[in-house]
**Q** 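Sharing a structure, written as structure tokens. Questions coming.
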Amino acid sequence: MLFLLAVAGFGAAMPGYEQAVYPVAILGAYGVPKAWAFNLIGFVLPGLLAMGVAIGMRNALSAAGWGARIGSQLVLLAGLAFLAMGLLPLRLDDLHAGVGRFHGVAWMLWCVAGIAGIGLLGMALRGRRRYFATASGLAAAGMLLGAFVLPDLIADGTAQRIGIAAWFAWLAWPAARLATATVRVQGEA
């Protein structure tokens, strides 16, 4: 929700910015007014929250086998990469210069680690949590399509948002489950 509000708000405040066309990172690029604020709210804080979900999953699934443990570690790495996109803003005048080129590396790391982590968690838990496995497969497919397939078919901004939406929709499920489990444990204490 934080990411969605940041993209909607900062996008509306930027003259000429079209949500369906332009990539999200433009809102946090060097030279863009209030880029630091967008990077903090749009990338860093959501990345930290995603990392918290991944750590909670890893702890909750410690006895679930190596697939679940590695999957949760990859989701943690994807959260770190999402956070890094906010610390490594683009340079609109030269996408391959300075720290801007590392933004692209962070994006690719987010994509690869996110898809692999979600997919591995879904496969590891398919015997115990069939709905979670199905949701994981759909989310991994959404990220894969948004990052690698759809940019050749539709506007980059739309494709990117499909992949990011799949990521956050998937993260919401374990976050809600972990929050419910925490409330139950605290209620028992």
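One-based numbering along the sequence shown.
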**Q** Would Tyr22 and Asp156 count as a side chain to side chain contact (heavy atoms under 4.5 Å, CB included) here? Give the steps.
**A** CA-CA 6 Å; Tyr22 296 117; Asp156 286 343; over 6 Å; no
**Q** Gln19 side chain to Val7 main-chain N or O, any donor-acceptor pair under 3.5 Å?
**A** yes
**Q** For the residue pair Ile41 and Pro46, what are the closest heavy atoms and their distance?
**A** O-CD, 3.1 Å
**Q** Closest approach of Trp167 and Ala50, non-hydrogen atoms and distance?
**A** CZ2-CB, 3.8 Å
**Q** Examine Leu4 and Ile164 and state if one hydrophobic cluster contains both, with Ile, Leu, Val, Met, Phe, Trp and Tyr joined whenever side-chain heavy atoms are less than 4.5 Å apart.
**A** no
**Q** Answer whether the closest heavy-atom distance between the side chains of Leu76 and Ile55 falls below 4.5 Å.
**A** yes
**Q** Please test Leu80 against Met51 for side chain to side chain contact (heavy atoms under 4.5 Å, CB included), starting from the C-alpha separation and ending with a verdict.
**A** CA-CA 7 Å; Leu80 179 61; Met51 291 170 66; 4.1 Å; yes
**Q** Mind checking the CZ-CD1 spacing from Arg161 to Ile154? Nearest 0.5 Å is all I need.
**A** 11.0 Å
**Q** Would you compute the distance between atom CG of Leu40 and atom CG of Leu2 and round it to the nearest 0.5 angstrom?
**A** 8.5 Å
**Q** Could you tell me whether the side chain of Phe132 reaches within less than 4.5 Å of the side chain of Trp170, counting heavy atoms only?
**A** yes
**Q** For Ala124 and Ala68, work out which heavy atoms get closest and say how close.
**A** CB-N, 3.4 Å
**Q** Indicate, with yes or no, if Val53 and Leu48 share a hydrophobic cluster defined by side-chain heavy-atom contacts under 4.5 Å among Ile, Leu, Val, Met, Phe, Trp and Tyr.
**A** yes
**Q** Would you call the rings of His103 and Phe43 parallel, tilted or perpendicular, where under 30° means parallel and over 60° means perpendicular?
**A** perpendicular
**Q** Rounded to the nearest 0.5 Å, how far apart are CG of Leu77 and CG of Leu109?
**A** 4.5 Å
**Q** Leu45 and Leu83: side chain to side chain contact (heavy atoms under 4.5 Å, CB included), yes or no, with the steps?
**A** CA-CA 7 Å; Leu45 293 177; Leu83 177 150; over 6 Å; no
**Q** Is there a path from Leu144 to Ile162 through hydrophobic residues (I, L, V, M, F, W, Y) whose side chains come within less than 4.5 Å of each other?
**A** no
**Q** What is the minimum heavy-atom distance between Leu120 and Gly67, and which atoms define it?
**A** CG-O, 3.4 Å
**Q** Strictly distance-based, threshold 3.5 Å: is any side-chain N or O of Arg58 a donor or acceptor partner for the main-chain N or O of Ala54?
**A** no
**Q** Would the distance check show the side chain of Asn39 and the main-chain N or O of Leu87 forming a donor-acceptor pair, the cut-off being under 3.5 Å?
**A** no
**Q** Do Tyr17 and Leu5 belong to the same hydrophobic cluster, where Ile, Leu, Val, Met, Phe, Trp and Tyr are linked whenever their side-chain heavy atoms lie under 4.5 Å apart, directly or via other members?
**A** no
**Q** Hey, does Thr158 have a side-chain heavy atom less than 4.5 Å from the side chain of Val21?
**A** no
**Q** Roughly how far apart are Leu49 CG and Met1 CE, rounded to 0.5 Å?
**A** 13.0 Å
**Q** Quick one, Phe148 and Met108 - any side-chain contact, counting heavy atoms below 4.5 Å?
**A** yes
**Q** Mind checking whether Trp110 and Met143 have side chains closer than 4.5 Å, heavy atoms only?
**A** yes
**Q** Any chain of hydrophobic side-chain contacts (each under 4.5 Å) joining Trp173 to Leu121?
**A** yes
**Q** Quick check for you: to the nearest 0.5 Å, what is the distance between Lys34 atom NZ and Leu27 atom CG?
**A** 14.0 Å
**Q** Look at the side chain of Arg126 and the backbone N and O of Met123, then say whether any donor-acceptor pair between them is shorter than 3.5 Å.
**A** yes
**Q** Which pair of non-hydrogen atoms, one from Ala159 and one from Pro151, has the smallest distance, and what is that distance?
**A** CB-N, 3.7 Å
**Q** Over 60° means perpendicular and under 30° means parallel, so classify the ring planes of Phe168 and Phe82, tilted if in between.
**A** perpendicular
**Q** Considering non-hydrogen atoms only, spot the tightest contact between Leu125 and Ala64 and give its length.
**A** CD2-CB, 4.3 Å
